[in-house]
Amino acid sequence: MARVILQRSRKKRLEKGHPWIFKNEIESVEGNVEPGALVEIVDHRHRYLATGYYNPASQITVRVVSYTPLAAMDTAFFVRRFTECLKHRERFVKEDAYRLVYGEADFLPGLIVDKFGEVLVVQLLTLGMDRCREQIVAALTEVLHPVGIYERSDVSVREMEGLEQVKGPIFGEPPRHVIVTENGLQIEVDIEQGQKTGYFFDQRENRASIKPLMTGWGGRSGIALQELPTEDGGVRVAPVNRNGKEVTFPYWDGATVLECFSHTGSFTLHACQYGAKKVTCLDISEHAIESAKRNVELNGFTERVEFVVADAFDYLRSQVKGVEERTRRAAQDAKVDTSVPLTAGGGRTWDVVILDPPAFAKTKAAVKGACRGYKDINLHGMKLVNEGGYLVTASCSYHMRPDLFLETILEAAEDAGKVLRLVEWRAAGKDHPQILGVDEGHYLKFAIFEVRSKDAL
């Protein structure tokens, strides 16, 4: 087997568990090696460190797959790895859908496998994994016995590896739409046309964490539980409004919720399940909103959800302008002809605003622009939260480091005249484990803030 000899002056990232060897860390290559084939990795003293696959066309020239000598990434190798992946997920996830293989974190860099019940969706992101396509399929069928496997390697990162983007079935006859369960909810996934592999499992636990935010709002409307007489002379407890009338709407204590960047409506579904009164589900993609509608119908939440196809930035700004105009017109010293219609559209507010945008910073060079984007949506989002309500916000940009994300939100709060209390800080779920020392795996930031106005304190 060919050997890659590392430079003496390199940083000792490999020894700390980082599986990437960059081109500028390599001193030389001994022996003939085909692109995508395995090589041994040794230090400047020729001491063995690990085995990985080699691609001279990539800046990440070697990706580690084993810290002990490995002759081949054959079917037996993948069977061992997939069995380990399955054991981890079965311990922590008690449903039939999850990320089964998470690349480097499962010691299989360049490979993603999502399990949707009896259907698997695979991404082969690197040349080394693409060369093992047949072995991967054979091992997956042996370990999981799927009815079908669909490939979604239609991602631009493959081009950096000298590969074309591809998609399509690679085993069996996988259906386009699959219904899976998450936190007790039924969700229809479009594995062919949905984003990435069709669904984002990394927010599973985060979606469940919004449960405490969804109830406890009835008092703001003057509704309270009271004892009422029954026909047989007993008493019962029921919600009653300020006028003394019984409230029959079952979700009288629920929150009003705005979910932006909804994709398939996953946060909307969880909000309804946990008792929300009314949810506004927004996405710029008509395909995404149609998917969200089907999921809402599937779970019986149609009467409590409204759908909006719009750019989230524009929508948030228009609502804030409406709120500000209404506030000016309502001021005691305002001299406004109320017969003149409002010029700004919207003007609604919500108890809970949820912001789960796509990655704004896909490269380090894009961070500055991403900060502006995150500040914009969070600034306008928190302005639309009712006093004492909650802002739920996330970033899936790796280059947007946690401290920078929080600093950006703090700047938005300062401009908005808000004080934020952090009540929840989370990362990706348990089916997205993280290797300590591999910062690239720490991409997801998720926070819940209570929003208070300075002039109300």
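Keep in mind the model is a prediction, meaning the values are calculated, not measured.
Comment: Glu151 engages Arg133 in a salt bridge, judged by a side-chain N to carboxylate O separation of less than 4.0 angstrom. Arg176 has a carboxylate O that lies under 4.0 Å from a charged side-chain N of Asp190, or vice versa, which qualifies the two as a salt bridge. Under a 4.0 Å N-O distance rule, the pair Arg348/Glu306 qualifies as a salt bridge. For Arg158 and Asp130, the salt-bridge test passes: some basic side-chain N is under 4.0 Å from an acidic carboxylate O. Residues Glu324 and Arg326 are not paired through a salt bridge, judged by the lack of any N-O separation under 4.0 Å between the basic side chain and the carboxylate. We find that Arg152 and Glu192 are not joined by a salt bridge, their nearest charged nitrogen and carboxylate oxygen being 4.0 Å or further apart.
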Between side-chain atoms of residues 290-298 and protein atoms elsewhere (two or more places apart, or another chain), which donor-acceptor pairs fall under 3.5 Å?
residue	atom	partner	partner atom	Å
Ser291	OG	His287	O	3.1
Ser291	OG	Arg294	NH2	3.4
Arg294	NE	Glu188	OE1	2.6
Arg294	NH2	Glu188	OE1	3.4
Asn295	OD1	Glu188	N	2.6
Asn295	ND2	Thr264	O	3.1
Asn295	ND2	Ser291	O	3.3

Review item, side-chain donor-acceptor pairs of residues 48-57, under 3.5 Å, at least two apart:
residue	atom	partner	partner atom	Å
Tyr48	OH	Thr51	N	3.3
Tyr48	OH	Thr51	OG1	2.8
Tyr48	OH	Thr68	O	3.0
Tyr53	OH	Pro109	O	2.6
Tyr53	OH	Thr126	OG1	2.7
Asn55	OD1	Ala57	N	3.1
Asn55	ND2	Glu161	O	3.4
Asn55	ND2	Glu161	OE1	2.9

Acceptor/donor pairs from residues 77-84 side chains to any protein atom, 3.5 angstrom cut, sequence neighbours excluded:
residue	atom	partner	partner atom	Å
Arg81	NE	Phe107	O	3.4
Arg81	NH2	Val65	O	2.4
Thr83	OG1	Val79	O	2.7

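Atom OG of Ser266 and atom CG of Asp356 lie 7.0 Å apart (nearest 0.5 Å).
Geometric assessment of Arg13 against the ring of Trp20 yields a negative cation-pi assignment under the 6.0 Å and 45° thresholds.
Counting only residues at least two apart or on different chains, no salt bridge (Lys or Arg N to Asp or Glu O under 4.0 Å) pair has a member in residues 268-277. Sorted by first then second residue, the salt bridge (Lys or Arg N to Asp or Glu O under 4.0 Å) pairs that include residues 430-439, not counting sequence neighbours, are Arg204-Asp431.
Leu436 is linked by a side-chain contact (heavy atoms from CB on, under 4.5 Å) to nothing, counting only residues two or more places apart in sequence or in another chain. In this structure His380 satisfies the side chain to side chain donor-acceptor pair (under 3.5 Å) test together with Asp376, sequence neighbours excluded. Looking at residues two or more places apart in sequence or on another chain, you find no side-chain contact (heavy atoms from CB on, under 4.5 Å) involving Glu414. Listed by chain and number, the residues in a side chain to side chain donor-acceptor pair (under 3.5 Å) with His432 amount to none (sequence neighbours excluded). For Ala427, the side-chain contact (heavy atoms from CB on, under 4.5 Å) partners are Gln434, not counting sequence neighbours. By the side-chain contact (heavy atoms from CB on, under 4.5 Å) test, Glu118 is found to be paired with Val147, residues two or more places apart in sequence or in another chain being considered. For Asp253, there are no side chain to side chain donor-acceptor pair (under 3.5 Å) partners two or more places apart in sequence or in a different chain.
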Pair Val113-Leu108, side-chain contact (heavy atoms from CB on, under 4.5 Å): steps then yes or no: CA-CA 10 Å; Val113 182; Leu108 290 167; over 6 Å; no
So Arg63 and Glu104, salt bridge (Lys or Arg N to Asp or Glu O under 4.0 Å) or not? Walk me through it.
CA-CA 9 Å; Arg63 299 176 192 254; Glu104 283 78 356; 3.6 Å; yes
**Message:** What verdict does the salt bridge (Lys or Arg N to Asp or Glu O under 4.0 Å) test give for Glu15 and Arg10, after you've listed the backbone C-alpha separation in whole Å, the side-chain angles of each residue and the deciding distance to 0.1 Å?
**Reply:** CA-CA 11 Å; Glu15 287 85 342; Arg10 69 185 171 86; 2.6 Å; yes
message: With salt bridge (Lys or Arg N to Asp or Glu O under 4.0 Å) as the criterion, how do Arg3 and Glu40 come out once you've worked through the C-alpha distance, each side chain's angles and the decisive distance to 0.1 Å?
response: CA-CA 5 Å; Arg3 296 200 301 176; Glu40 289 190 344; 5.2 Å; no
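There is a side-chain donor-acceptor pair under 3.5 Å between His18 and Glu440.
Note: Phe201 and Phe116 meet the aromatic proximity criterion, with ring centroids under 6.0 Å apart. In this structure, Phe449 has its ring center no closer than 6.0 Å to that of Tyr390.
Note on ring orientation: taking the six-membered ring where Trp is involved, the planes of Phe261 and Phe313 are perpendicular (angle over 60°, cut-offs 30° and 60°). Taking the six-membered ring where the residue is Trp, Tyr374 and Phe360 present tilted rings, their angle falling between 30° and 60°.
At least one side-chain heavy atom of Leu185 sits less than 4.5 Å from a side-chain heavy atom of Phe301.
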